[in-house]
Amino acid sequence: MLDVKFIREHADIVRQRLATRNAGDELKIDQVLALDEQRRTALAEVEQLKASRNRISKEIGILMGQKKPAEAEAKKTETRQIGDRITALDKLVAEVEQQRDALLLQLPNLPCEKVKIGKTAEDNPEVRVWGQKPGFSFKPKTHVELCESLKLIDFARAAKISGSGFILYTHWGARLERALIQMLLNLHTLEHDYTEISPPFMVNRDCMVGVGQFPKFVDQYYGVQEGTDASTLGKLFLIPTAETPVANIHREEILKESQLPIRYCAYTPCFRGEAGAAGVGTRGMIRVHQFDKVELIKITKPEEGYAELEKLVANAERVLQLLGLHYRVVQLCTGDMGFSSAMTYDIEVWAPGQGTYLEVSSCSNCEDFQARRMNLRFKTETGENKFPHILNGSGTALARLFVALVETYQQADGSLVVPEVLKPYLKTDRITA
RNA sequence: GGAGAGGUGGCUGAGUGGUCGAAAGCGACGGUUUGCUAAACCGUUGUACGGGUUACACUGUACCGGGGGUUCGAAUCCCCCCCUCUCCGCCA
């Protein structure tokens with residue numbers, strides 16, 4: 001959430017920077033300002049009225065103590081009217097505030113000044129490239145062909161038991177998925193010093209609002225219902241990423257400055273409705289309703305946010321380096337960035353069978369945008385409460401990593417060579433049909 | 001699902017509808033004393049949003065799980081909701 005005070009004092013800057021997202025949000029600023037002004041005026045008046053009511057009530061208490069009921073009665077009559085006015089104004093303030101906040105919750109974060117202004121993914125600058133596209137002496141197969149021939153995934157039966165957009169890992173496929181989860185968690189906890197978290201896979205509405213998924217994108221997520229009790233619908237939601245529960249761990253808290261930076265990593269499945277996206281790149285496991293991901297979350301002091309973002313990206317890149325997968329890093333331009341983010345790096349891994357780069361990680365600094373929404377603060381040495389920066393990044397998404405891995409390590413005979421780092425987990429050199 | 005208990009400041013824990021933003025204790029911070037430490041003693045010690053000031057000072061409002069209600073006035077009375085704990089049932 002944007003800071004109302006900042007909007008009030010720097011309306012032009014806010015409008016300009018929102019405009020770079022090409023979503024038209026800058027047009028809502030005038031309305032926010034009008035509502036804010038209305039609220040402040042009413043609030044000033046009602047506070048004054050309350051001050052006088054409090055004073056008179058206190059006097060009544062004193063008169064009662066002095067056994068002067070007649071004088072007390074007189075004062076009661078005087079205050080009764082003030083009370084009505086207060087009730088009316090309180091109601092007005094609450095309504096206006098609610099309208100203002102509803103608008104504010106719909107506004108995306110301001111892009112960092114350093115981010116390139118652009119419209120679509122075409123405008124995203126490439127930051128760096130690691131490794132190179134592997135060469136093949138044969139025509140590389142797609143992961144769909146390989147997974148079927150090696151019986152790593154049973155697409156047909158996945159559809160039978162859950163529908164399209166779900167993955168049924170079998171035998172070596174299941175073991176490979178588990179090996180990857182293990183490897184990534186070990187890497188981030190043992191070598192990158194993140195604290196491992198295993199959070200709930202269902203969260204309440206506040207968490208969804210906290211990270212910026214609600215209220216604007218409600219339709220992209222799964223809500224759950226308990227049994228046939230429709231009244232339970234809308235209370236819990238399947239997490240679309242571990243960011244949702246983990247970033248909210250300290251919601252409503254005031255942390256000590258010495259606790260920062262906090263680094264968490266968590267493996268969770270991720271559930272996404274992807275409404276309307278069906279049909280676009282849906283073959284196989286590129287876009288699915290449930291996928292595994294190891295997520296990295298950081299809570300940092302504002303001045304350290306961007307340095308920590310660079311480290312976070314490096315931590316995610318390490319995954320691909322260890323697996324020997326060619327990738328590139330791009331920085332998202334203003335028009336391509338997510339709602340809550342001020343700066344985002346995407347890591348895209350090369351999938352030879354597809355002949356394309358796949359996004360396996362998105363690392364963002366949301367600055368204090370999410371911290372404000374969840375009212376998470378930290379107390380500085382001087383006793384001041386400040387909002388920390390909250391960062392998140394995939395480290396990494398597993399389904400697409402699986403695709404790149406299978407397509408990169410395929411052999412002419414249709415088997416897979418297991419990369420060195422995974423051998424201890426899989427206890428084999430090669431996966432064959 | 002059934003029965004019961006409870007939610008008050010950083011923590012523990014008082015609180016007859018009226019000088020209650022809230023006793024007391026602990027902790028923390030500052031000070032006095034002191035070879036050092038400890039102890040003792042004295043003092044300070046919540047958050048948010050406003051007004052005010054160069055900055056302080058000072059000052060207004062709200063906050064005792066959340067939301068409503070009664071009242072001139074609510075931590076206290078009434079209603080609804082949420083959460084936690086204990087026991088029982090069911091269950092991985």
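Lettering of chains follows the sequences in order, A, B, ..., and the numbering in each one begins at 1.
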| note | Pairing partner of B/C11, by Watson-Crick or G-U wobble and under 3.5 Å for both distances, is B/G25
| said: Suppose you measure atom C1' in B/U71 against the same atom in B/C78; what distance do you get, rounded to whole Å? | reply: 12 Å
| request: Compare side-chain N and O positions of A/Arg377 against OP1 and OP2 of B/A48 and report whether any pair is under 4.0 Å apart. | output: yes
| task | For A/Leu376 and B/A48, give me the distance from atom CG to atom P, rounded to whole Å. | result | 13 Å
| task | Using both distances under 3.5 Å as the test, list the Watson-Crick or G-U wobble partner of B/U47, or none. | result | B/A62
| request: Could you tell me whether the side chain of A/Thr428 and the main chain of A/Arg430 form a donor-acceptor pair under 3.5 Å? | output: yes
| task | Please work out if A/Arg8 contacts a base, only the sugar-phosphate, or nothing of the nucleic acid, heavy-atom cut-off 4.0 Å. | result | sugar-phosphate
| Among residues 29-60 of chain A, which contact RNA chain B at a heavy-atom distance under 4.0 Å? | A/Glu47, A/Lys50, A/Ala51, A/Arg53, A/Asn54, A/Ser57, A/Ile60
| request: Determine yes or no for a side-chain-to-main-chain donor-acceptor pair under 3.5 angstrom, with A/Ser362 supplying the side chain and A/Asp346 the backbone. | output: no
| said: If we ignore hydrogens and angles and just use 3.5 Å, is the side chain of A/Arg400 paired with the main-chain N or O of A/Val360 as donor and acceptor? | reply: no
| task | Tell which nucleotide pairs with B/C85, taking only Watson-Crick or G-U wobble pairs whose two distances are both under 3.5 angstrom. | result | B/G4
| Once you round it to whole Å, what is the distance between P of B/G69 and NZ of A/Lys91? | 10 Å
| task | Between B/U12 and B/A23, how far apart are the C1' atoms? Round to whole Å, please. | result | 14 Å
| query | Paired with B/U71 by Watson-Crick or G-U wobble geometry, both distances under 3.5 Å: which nucleotide is it? | reply | none
| request: With heavy atoms under 4.0 Å as the rule, sort A/Lys379 into base, sugar-phosphate or nothing. | output: sugar-phosphate
| task | Determine which nucleotide pairs with B/C36, using a 3.5 Å limit on both distances of a Watson-Crick or G-U wobble pair. | result | none
| Atom CG of A/Asp206 to atom P of B/G65: distance rounded to whole Å? | 19 Å
| message | If I pick the C1' atom on B/G6 and the same atom on B/U59, what distance separates them, to the nearest angstrom? | response | 38 Å
| query | For the atom pair CD (A/Glu37) and CZ (A/Arg100), what is the distance rounded to the nearest 0.5 Å? | reply | 11.5 Å
| remark: By the Watson-Crick or G-U definition, both distances under 3.5 Å, B/U16 is matched with none
| remark: Here the distance between atom P of B/G10 and atom CG of A/Leu255, to the nearest Å, is 14 Å
| query | B/G67 P sits how many Å from A/Gln98 CD, rounded? | reply | 14 Å
| message | As an exercise, state the distance from CD of A/Glu78 to CD1 of A/Ile56, rounded to the nearest 0.5 Å. | response | 4.0 Å
| message | Would you measure the distance from the C1' atom in B/G21 across to the matching atom in B/A74 and give it in whole Å? | response | 14 Å
| task | Would you classify A/Lys235 as touching base, sugar-phosphate or nothing, given that sugar-phosphate means primed atoms plus P, OP1 and OP2, and contacts are heavy atoms under 4.0 Å? | result | nothing
| Roughly, in whole Å, what's the span from CG in A/Asn385 to C1' in B/A48? | 10 Å
| said: Roughly how many Å apart are B/U47 and B/C11, using the P atom of each and rounding to a whole number? | reply: 13 Å
| request: Please state the P separation for the pair B/C64 and B/G69 - nearest whole angstrom. | output: 15 Å
| Between B/U61 atom C1' and A/Ile82 atom CD1, what is the distance in whole Å? | 15 Å
| query | What distance, rounded to whole Å, do you find between the two P atoms, one in B/C85 and one in B/U8? | reply | 14 Å
| message | Under a 3.5 Å cutoff, is there a donor and acceptor pairing between the side chains of A/Gln259 and A/Glu253? | response | no
| query | Going by the angle between their ring planes, with limits at 30° and 60°, are A/Phe339 and A/Phe369 parallel, tilted or perpendicular? | reply | perpendicular
| message | Expressed as a whole number of angstroms, how long is the span from A/Glu9:CD to B/G50:C1'? | response | 13 Å
| field | Closest non-hydrogen atom pair between A/His143 and A/Gln354, with its separation | value | ND1-OE1, 3.0 Å
| field | Parallel, tilted or perpendicular, as decided by the 30° and 60° cut-offs, for the rings of A/Phe6 and A/His10 | value | tilted
| request: Could you give the distance separating B/A75 and B/A14 at their C1' atoms, to the nearest angstrom? | output: 12 Å
| field | Nearest-nucleotide comparison on RNA chain B, the residue closer to the 5′ end among A/Lys76 and A/Ile254 | value | A/Ile254
| message | Under a 3.5 Å cut-off for both contacts, is B/G30 paired Watson-Crick or G-U wobble with anything, and if yes, with which nucleotide? | response | B/C42
